[in-house]
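Right, one structure below, let's go through it.
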Amino acid sequence: PTDAFWMEVKCAYQFRTPDERHRGYGEQWRGKVVEDLRKMDADELIRRAGLLLIVFTESNEIVEKDLALFEDILVKKEVLAGFRQTRSIPIIERIGHRVCTAALWPTIQR
């Protein structure tokens, strides 16, 4: 396990249906992902790890705002992560989603 690279992959989406926002969208960012990062940080066998978050939103502006808010939460909860790498691509509109974004944070093991 000390030689492996651990990748935690999460998916978040803004809408459930074209007219219904996903009520758990914010919680996907604030709670579950932070818990997973803390678990990786606490595991002494994990030396190299990262978090890949795939997000479906209606616009680039929405996802950029949400990624910045998520990083503020990481700082407040004292979760260590490296500098984010982000790539967004437009997608054919599906239930309100027009953008797919992949955001990758390397974790910093203590």
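Numbers here simply count residues along the sequence, with the first being 1.
Once rounded to the nearest 0.5 Å, the distance linking CD1 of I89 with CG of N60 reads 11.0 Å. Atom CZ of R98 sits about 10.0 Å away from atom OG1 of T57, to the nearest 0.5 Å. Atom-to-atom distance recorded for R84:CZ and L53:CG is 10.0 Å, nearest 0.5 angstrom. Rounding to the nearest 0.5 angstrom, the gap separating the CZ atom in R94 from the SG atom in C100 is 11.5 Å. How far CZ of R48 is from CG of D3: 6.5 Å, rounded to the nearest 0.5 Å. The distance from atom CG of L67 to atom CD1 of I62, rounded to the nearest 0.5 Å, is 11.5 Å.
For Y25, the ring-ring contact (aromatic ring centres under 6.0 Å, His included) partners are W29, not counting sequence neighbours. In this view, F83 satisfies the side chain to side chain contact (heavy atoms under 4.5 Å, CB included) rule with no residue, not counting sequence neighbours. Checked against side chain to side chain contact (heavy atoms under 4.5 Å, CB included), I95 has the following partners two or more places apart in sequence or in another chain: P18, H97. Looking at residues two or more places apart in sequence or on another chain, you find no side-chain hydrogen bond (donor to acceptor under 3.5 Å, both in side chains) involving E64. Here K65 pairs with L69 under the side chain to side chain contact (heavy atoms under 4.5 Å, CB included) rule; sequence neighbours left out. Listed by chain and number, the residues in a salt bridge (charged side-chain N to carboxylate O under 4.0 Å, His left out) with K77 amount to none (sequence neighbours excluded). Residues forming a salt bridge (charged side-chain N to carboxylate O under 4.0 Å, His left out) with E35 (at least two apart in sequence, or on another chain): none. Applying the side chain to side chain contact (heavy atoms under 4.5 Å, CB included) criterion to L74, with sequence neighbours excluded, gives V34, L37, F70, V79, A81.
Heavy-atom contacts from other residues, nucleotides or ligands closer than 6.0 Å to CD of E20 number more than 12.
If you chain together hydrophobic residues whose side chains sit under 4.5 Å apart, V33 and I46 fall into the same group. In the hydrophobic clustering of ILVMFWY residues, with side-chain heavy atoms under 4.5 Å counting as a link, I91 and V99 come out apart.
Residue pairs meeting the salt bridge (Lys or Arg N to Asp or Glu O under 4.0 Å) criterion with at least one member in residues 52-62, sequence neighbours excluded: R21-E58.
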- request: Take T101 and T86 through the test side chain to side chain contact (heavy atoms under 4.5 Å, CB included) and record every step on the way to the result.
  value: CA-CA 7 Å; T101 301; T86 308; 3.4 Å; yes
Donor-acceptor pairs under 3.5 Å, side chain of residues 5-12 to any protein atom, not counting sequence neighbours: which ones?
unit_1, atom_1, unit_2, atom_2, d
W6, NE1, E8, OE1, 3.3
K10, NZ, D36, OD2, 2.7

